[in-house]
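Remember, predicted model here, so these are calculated numbers, not experimental data.
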Amino acid sequence: MAAHIRFARVAVEIFPTKCFSPRLHGCSNVNIPVRYCSTTAAKRGLVLGVYERGKGEGVTLTPGADLYNQQTGGKLAEFIHLAGPTIKKGKSRVFYGLDETYSAVAVVGLGPQGLGVNELEERHEGKENLRAAAASGVRQLRDILGKSTIEVDGCSDAEAVAEGASLGLFAYEDLKAEDKRKKRVETQLFKDSGSPQGWTKGRLLADGQNFARKLMEMPASHLTPTTFASITGEKFGSIGNIEFEARDRAWAESMKMGAYLSVANGSEEPPVFVEVKYRGSPDSSAAPLVLVGKGITFDSGGISLKPPAGMDMMRADMGGAATVSGAIAAIAALKLPINVVGLIPLCENMPSGKATRPGDVVTAMNGKTIQVDNTDAEGRLILADALCYAHSFNPRAIIDLATLTGAIDVALGSAAAGVFSNSRVLWNLLHDAGVGTGDRLWRMPLFNHYTAQVTHSQLADLNNIGKHGRQAGACTAAAFLREFVRCPHWAHMDIAGVMDNKDEVPYLNKGMAGRPVRTLVEFSAKLTSQKWI
């Protein structure tokens, strides 16, 4: 038995035959390495979960882990105990040679059992722990096994586990040499450990977010307005039940979208206005939810040029467009019974000789004139025309998403996206959706106090920046957008603070986050049974 105790703690070397070193058995020398490997053509790994009990009281196996423990004659529980004393939340142990099927088994800590919604944190902590644990386990086995198939314990919530596993493995490496990319692995639900339907749903939700992450990561030289439309059109075409149109400059001119075109004029890249329609409701004529996404594929700031430090991150200034695309892809894949329209104004914000100058006045689609005192406040200009156009669909509700202001990052950081809304019912649905997905939202004020700051303009009806400069920048930006909204159920999401991930969300790698795609999808599902909107 001492051999197995040390086996759980010493290094492992991979060799072409499957065996334990005979020197290990009965040997008390803890420094003897274990040699193990498998001749199996396809490597397989397994991720299992355990709940933390009291201090020094060990762990509780999930039903899936208990099933595997029985299959191994109790060896799993024995190894865990000997590697003890416990496995804390977010920590893991990797065991080798437990059976003939799996080359390695990662046991991950899920924290205490029975966790639900933490009212102060405004998220379901049990689900978040599952997502983080699944991501940690599959990453660890990927690094150990390389190209492989990894089965994952459903931990009684296969949806959350599938989200964590799929989100945790994402990496944008399309432009790297093959030998510098992470090994591709396939994930599957461990048999009888959770709902296959839940697993499938979680995978589809994560796929939508990962699609948004990919778009946000792509360099602006590869993701122009034209190529954005091409990539998303191909994606939607593969799902089905979606109508897709990519409209050109001439169409925008015919619609008198002067605010949108004033931004596009500074770039050699032609603007593209994407319109997506998903009809999932049994009543195809039912009023749709309209999602509007800011699609600045690169933001230099225009004539009001940004500082060079960090400007490379502005390839993701189309984060609103990406999240709308990812959300609609997931909504359609899940076949939610709701009609959705996606509107994505795409262009670059560049400082050419044709660019809008500070002090210029432009006219939006609804006839309102706008004094542009800062060309780096361009997102609200393209959204203004898109919001005007959104009303032509007789919308049930409108939600716009944009990496709009640095001010929201200052206010909330990466903890939550800021939401400004004229509807308490709409806000409550959005908030509840964020609690379940762990991708939180926080309501911000939409007072007339801020409206007065953008309606005070020397030359036009509106100014694209507040008269007090940087003060309450996220609030004055939302107040500006409100001037183009007539719908009684509207919300503006400023997602600049959640655009990228460093280490804040453990199941997302460092890089673009694709938040809050899953919250939008969950909100849409809730909206299907809502009678007040």
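- A side-chain donor from one of Ser195 and Gln197 sits under 3.5 Å from a side-chain acceptor of the other.
- Sparse packing is recorded around NZ of Lys256, with 12 or fewer heavy atoms of other residues, nucleotides or ligands lying under 6.0 Å away.
- Within the 3.5 Å criterion, the main-chain N or O of Lys235 finds a donor-acceptor partner in the side chain of Ser238.
- The pair Asp317-Lys294 meets the salt-bridge criterion, since a charged nitrogen lies less than 4.0 angstrom from a carboxylate oxygen.
- A donor-acceptor pair under 3.5 Å is absent between the side-chain atoms of Asp299 and the main chain of Met314, judged by distance alone.
- Judged purely by atom type and a 3.5 angstrom limit, Ser421 uses its side chain to pair as donor or acceptor with the backbone of Trp490.
- For the 3.5 Å distance criterion, the side chains of Thr437 and Glu522 fail to qualify, holding no donor opposite an acceptor.
- Listed by first and then second residue, the side-chain hydrogen bond (donor to acceptor under 3.5 Å, both in side chains) pairs involving residues 464-475 amount to none (not counting sequence neighbours).
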Exercise. Could you walk me through whether Lys354 and Glu268 pass the salt bridge (Lys or Arg N to Asp or Glu O under 4.0 Å) test, one step at a time?
Key: CA-CA 10 Å; Lys354 296 180 181 179; Glu268 292 297 315; 5.6 Å; no
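- Put simply, the side chain of Pro337 reaches to within 4.5 Å of the side chain of Pro282, judged on heavy atoms.
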Practice problem: Apply salt bridge (Lys or Arg N to Asp or Glu O under 4.0 Å) to Asp461 and Lys368, showing your working. | Solution: CA-CA 6 Å; Asp461 298 324; Lys368 289 189 177 182; over 6 Å; no
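- The main-chain N or O of Ser166 is never found under 3.5 Å from a side-chain atom of Asp207 such that the two would form a donor-acceptor pair.
- Remark: the Thr227 side chain and the Thr224 side chain contain an N/O donor-acceptor pair separated by less than 3.5 Å.
- Every pair passing side-chain hydrogen bond (donor to acceptor under 3.5 Å, both in side chains) that includes a residue from residues 116-132 is listed here, sequence neighbours excluded: Asn118-Glu125, Glu121-Arg440, Glu122-His431, Lys127-Asp157, Glu128-Arg131, Glu128-Tyr507, Arg131-Glu163.
- When Arg203, Lys201, Arg518 are each tested for a salt bridge (Lys or Arg N to Asp or Glu O under 4.0 Å) with Glu159, only one passes: Lys201.
- Looking at heavy atoms from C-beta onward, Leu426 lies in side-chain contact with Phe523 at the 4.5 angstrom threshold.
- Within a 6.0 Å radius of CH2 in Trp442, other residues, nucleotides and ligands contribute 12 heavy atoms or fewer.
- Between the side chain of Arg515 and the backbone N or O of Asp439 there is no donor-acceptor pair closer than 3.5 Å.
- Listed by chain and residue number, Phe273, Tyr389 satisfy the ring pair (Phe, Tyr, Trp, His ring centres under 6.0 Å) test with Trp251 (two or more places apart in sequence, or in another chain).
- At least one side-chain heavy atom of Leu520 sits less than 4.5 Å from a side-chain heavy atom of Leu401.
- In terms of modelled atom types and a separation under 3.5 Å, the side chain of Asn349 and the main chain of Thr375 share a donor-acceptor contact.
- Side-chain contact check for Leu289 versus Arg396: every heavy-atom pair is 4.5 Å or farther apart.
- You'll find the side chain of Phe211 reaches within 4.5 Å of the side chain of Thr232, heavy atoms only.
- Formation of a donor-acceptor pair under 3.5 Å by the Arg482 side chain with backbone atoms of Asn422 is not found in this model.
- Side-chain N/O atoms of Asn428 and Arg443 include no donor and acceptor closer than 3.5 Å.
- With hydrogens and angles ignored, the 3.5 Å screen pairs a side-chain donor or acceptor of Asp494 with a backbone N or O of Leu404.
- Side-chain contact between Glu275 and Leu343: present, with at least one pair of heavy atoms (C-beta onward) separated by less than 4.5 Å.
- Side-chain contact check for Thr476 and Gln453: no donor-acceptor pair (N or O, by modelled atom type) lies under 3.5 Å.
- By the 4.5 Å heavy-atom criterion applied to side chains, Val272 and Phe228 are not counted as neighbours.
- Pairing each heavy atom of Cys347 with each of Ile382, the nearest pair is SG-CG2, 4.1 Å.
- Using a 4.5 Å cut-off on side-chain heavy atoms (C-beta onward), Ile231 and Lys214 make no contact.
- Of the possible donor and acceptor atoms, none in the side chain of Asp503 sits under 3.5 Å from a partner among the backbone N and O of Lys510.
- With hydrogens and angles ignored, the 3.5 Å screen pairs no side-chain donor or acceptor of Asp376 with any backbone N or O of Ser304.
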